[in-house]
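Here the structure comes first, spelled out in structure tokens, and everything after it is commentary.
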Amino acid sequence: FEADRLVGEAGVANDPFRLVVRVAGLGTTGFVAEEFLRNEYRIEDEFSDFENVIYILTPFDRPETYDRLAEGLT
């Protein structure tokens with residue numbers, strides 16, 4: 001991301017290393033999505049709740065990890 005894309009509302013911090021996946025409206029919860037991605041795609045999240053799953057993405061992750069995450073989310 002470029003710096004100008006990371007600027008948000010005053011008082012709101014953006015973290016380019018976190019991916020928030022909102023599952024509300026898909027007929028599932030973040031808890032179910034978390035379990036599915038962990039069991040089927042070996043992807044560990046940072047946090048989940050009723051509407052979201054949050055992942056930490058780092059430059060140290062292997063490309064295969066991102067491929068599994070993208071496939072699982074699809």
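- Nearest approach of Arg18 to Glu46, heavy atoms of both residues: NE-OE1, 2.7 Å.
- A donor-acceptor pair under 3.5 Å links the side-chain atoms of Asn39 to the main chain of Glu35, judged by distance alone.
- What you find for Val53 and Ala33 is that their closest heavy atoms are CG2-CB, 3.9 Å.
- In terms of hydrophobic clustering, with Ile, Leu, Val, Met, Phe, Trp and Tyr side chains grouped at heavy-atom distances under 4.5 Å, Val21 and Phe31 are assigned to different clusters.
- Atoms CD and CG, from Glu34 and Asn52 in turn, are 12.0 Å apart once rounded to the nearest 0.5 Å.
- Expressed to the nearest 0.5 Å, how far CG of Asp61 lies from OH of Tyr55 amounts to 12.5 Å.
- More than 12 non-hydrogen atoms from other residues, nucleotides or ligands lie less than 6.0 angstrom from OH of Tyr66.
- Heavy-atom minimum distance, Gly30 versus Ser48: O-CB, 3.6 Å.
- No chain of hydrophobic side-chain contacts below 4.5 Å, direct or via other Ile, Leu, Val, Met, Phe, Trp or Tyr residues, connects Phe47 to Phe50.
- Both Tyr41 and Leu19 are members of a single hydrophobic cluster when ILVMFWY side chains are connected at heavy-atom separations under 4.5 Å.
- Shortest non-hydrogen contact noted between Ile43 and Thr65 is CD1-O, 3.6 Å.
- The heavy-atom pair separating Gly72 from Phe36 by the smallest distance is O-CE2, 3.9 Å.
- Taking 4.5 Å as the limit, every side-chain heavy atom of Leu37 sits out of range of all side-chain heavy atoms of Asp45.
- Of all the heavy atoms in Thr29 and Val23, the pair that sits closest is C-CG2, 3.5 Å.
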